Amino acid sequence: MWTEPIVQLVKEHYIGVSVDARREISRQDPVGEVVRKTQCVTGTAAGQLSVITPSGKLIGHVPYTVPNEQLRIKVLQKYLAAFQAMPEEDRKPKQPLVGAPDPKRPLARPPEGTLIVATYNRRFMREPDGTLRYTEEKDYTEGEGKRECLRFREASKDFMWIPQAEWQAMIPANPHPGQEVPVPTSFTLRLFRYHLDPHRGLGEGLTYSRVATVDSGQLKLTVEDVTPSEVRLRLEGYAELVANHLLDIGKPGPTRPIRYEPAILGFITVDRAKKQITRFDMLALGDAENAPRGVLLGPYVLAVAFELVDKPTEADLVWPRGARDDLQRYLYPDSPPGASR
């Protein structure tokens, strides 16, 4: 887990960069060259954490399996010392790592007007008296589960993109308290198929992308309050999601049901003068059963939190996992397969 001492060490001495291996490793530009040269990313769901110099030289990898905070700090301190011992020439950039992108692989950006929402998935265990606690090593299965439980128990981050026409449809023209506003079908499908997903933080699969429909739950959007400057809406509902997955991924054999049945509650605020959503907070919380990777078998509790990114930085423009394979299908899940918009 990235505790405060590690975070402080990284902030003081490192610059964090996130690279999508499957998208960037084949780039024919400086970014792709550094990725291939250092092998600083992998094509697996687990990814890889590496330390490289500005000149593109690999110093070392930080394995997820390091068992505790003290050892992780030692690894980072060791790599920092190795960097500081290098000649000054080796510590300077030798080529621009950003810029002159591959003309065949332009840097992807959200469509104009897209609302960007950060999402966070985290698993909990329920005590006999009903209270919740963070997962612990004892909750995970032998092998991968216990080996990587420090990573699995953290909150995993993703992003949700809401197209402009969709979020504008959630803003009533003549709002009044108690008014019900239709929830766009595309929003419901995207939420159910790509974001209420027990796989986030464990792997990169899409648990419900092929099975969830608008009948997999219910969403209701209601105007709560109206002032001269704002409209406040309440979004509430539930989902009942289930998909069958192999007990051993990639191997033939019996399946187990991956269930997630959350209650959903959210609040949206609209700036009436700008006709812009200024708040989008939502939480899905409920019982789940059988984590897809098989590292946390049996019942647990999954929370998925959603929060509007008000002023996106470069780090907030990362593609949602659900969009990586088929952007159009992700943005417009209510369109027929193969349709373009």
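Worth saying up front: this structure is predicted, and the values here are computed from it rather than measured.
Nearest approach of Phe159 to Val318, heavy atoms of both residues: CD1-O, 3.7 Å. When all heavy atoms of Lys275 and Ile171 are compared, the closest pair comes out as O-CD1, 4.0 Å. When every heavy atom of Ala212 is checked against every heavy atom of Ser216, the shortest pair comes out as CA-OG, 3.5 Å. Scanning both residues, Val181 and Met170, for their nearest heavy atoms gives CG1-O, 3.8 Å. Nearest heavy atoms, Asn290 versus Pro257: ND2-O, 3.0 Å.
At a threshold of 4.5 Å between side-chain heavy atoms, the hydrophobic network of Ile, Leu, Val, Met, Phe, Trp and Tyr places Ile264 and Leu283 in two separate groups. Hydrophobic clustering, with ILVMFWY side chains joined whenever heavy atoms are under 4.5 angstrom apart, groups Tyr194 together with Val309. Trp319 and Tyr332 fall within a single hydrophobic cluster, where Ile, Leu, Val, Met, Phe, Trp and Tyr side chains are chained together by heavy-atom contacts under 4.5 Å. Hydrophobic clustering places Val211 together with Leu241 (ILVMFWY residues linked when any side-chain heavy atoms are closer than 4.5 Å, directly or through intermediates). Under a hydrophobic-cluster definition in which Ile, Leu, Val, Met, Phe, Trp and Tyr are linked whenever side-chain heavy atoms come within less than 4.5 Å, directly or via other members, Leu196 and Leu221 are assigned to the same cluster.
No more than 12 heavy-atom neighbours from other residues, nucleotides or ligands sit within 6.0 angstrom of CD on Glu112. Heavy-atom contacts from other residues, nucleotides or ligands closer than 6.0 Å to NZ of Lys146 number more than 12. By the 6.0 Å contact criterion, CG on Asn174 is open, its count of non-hydrogen atoms from other residues, nucleotides or ligands being 12 or less.
One N or O on the side chain of Tyr79 and one on the backbone of His61 form a donor-acceptor pair closer than 3.5 Å. In this structure, Arg153 contributes its side chain and Thr135 its backbone to a donor-acceptor pair below 3.5 Å.
Between His195 and Tyr330, the ring centre distance stays below 6.0 Å. Taking the centre of each ring, Tyr134 and Phe124 come in below the 6.0 Å mark.
Counting only N and O atoms by type, the side chains of Asp197 and Thr207 include a donor and acceptor under 3.5 Å apart.
In summary, Arg234 and Glu180 do not engage in a salt bridge, as defined by a charged side-chain N under 4.0 Å from a carboxylate O.
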